Amino acid sequence: MNANTTHLTLEDIARQCAGAMPLPAAPGAVVFAEPWQAHAFAMTVQLHEKGLFTWPQWAVALTQAIRDAQARGDADDGHHYYLHWLNALEHMVIQHKLGTPDQIHDLEHAWEDAAARTPHGQPIALDAVL
């Protein structure tokens, strides 16, 4: 990895994937409707930069998460894109033994608790739970 990989744009990442990484593509479309979506995206980029997976491997995981949701009846209208993204990220974390489903569950609840007690506009401080 070279120093330039820490500041990739969506276009850079898509180019590295040779078109194999599904990203919202509509001109003028909102990429992140909520902060958690940007966080999930940033965590994925960081894990890639640490060498956990390649972008084509990520594209396969995300595609599978989307297909699984479609098989369960997802409307496939784009509203759940980052839920699929998060499911793929959780799968990769578990697959690469960076965490267990129980640890992810505990962290999810710790995050919800921290967010609930944090005043609006302030950074959320997450106590170590793992």
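Remember, predicted model here, so these are calculated numbers, not experimental data. Each residue takes its place number in the sequence, starting with 1.
When the side-chain contact (heavy atoms from CB on, under 4.5 Å) test is applied to Q46, the partners found at least two apart in sequence or on another chain are K50. Residues satisfying the side-chain hydrogen bond (donor to acceptor under 3.5 Å, both in side chains) test with Q57, not counting sequence neighbours, are T54. Q37 is linked by a side-chain contact (heavy atoms from CB on, under 4.5 Å) to F32, A33, E34, Y82, counting only residues two or more places apart in sequence or in another chain.
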Could you go through L62 and Y81, starting from their C-alpha distance and side-chain angles, then the distance that decides it, and tell me whether this counts as side-chain contact (heavy atoms from CB on, under 4.5 Å)? CA-CA 9 Å; L62 180 56; Y81 180 77; 3.5 Å; yes
Working for side chain to side chain donor-acceptor pair (under 3.5 Å), residues T44 and W85: CA-CA 9 Å; T44 303; W85 185 284; 2.9 Å; yes
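Interatomic distance, CG of L98 versus CD of Q103, reported as 10.0 Å (0.5 Å rounding). Note that CG of L52 and CE of M92 are 6.0 Å apart. Values are rounded to the nearest 0.5 Å. Going from atom CD1 of I104 over to atom OG1 of T100 covers 7.0 Å, rounded to the nearest 0.5 Å.
When every heavy atom of I94 is checked against every heavy atom of P101, the shortest pair comes out as CD1-CG, 3.7 Å.
Judged as a salt bridge (Lys or Arg N to Asp or Glu O under 4.0 Å), not a single pair has a partner in residues 62-75 (not counting sequence neighbours).
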May I have the list of side-chain donor-acceptor pairs in residues 111-123 shorter than 3.5 Å, sequence neighbours left out?
from	atom 1	to	atom 2	distance (Å)
E112	OE1	H109	ND1	3.4
R117	NH2	D127	OD2	3.3
T118	OG1	A114	O	2.5

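Considering only heavy atoms from C-beta on, L89 comes within 4.5 Å of W58 through its side chain.
Ring centroid separation for the pair H48 and W55 comes in under the 6.0 Å cut-off.
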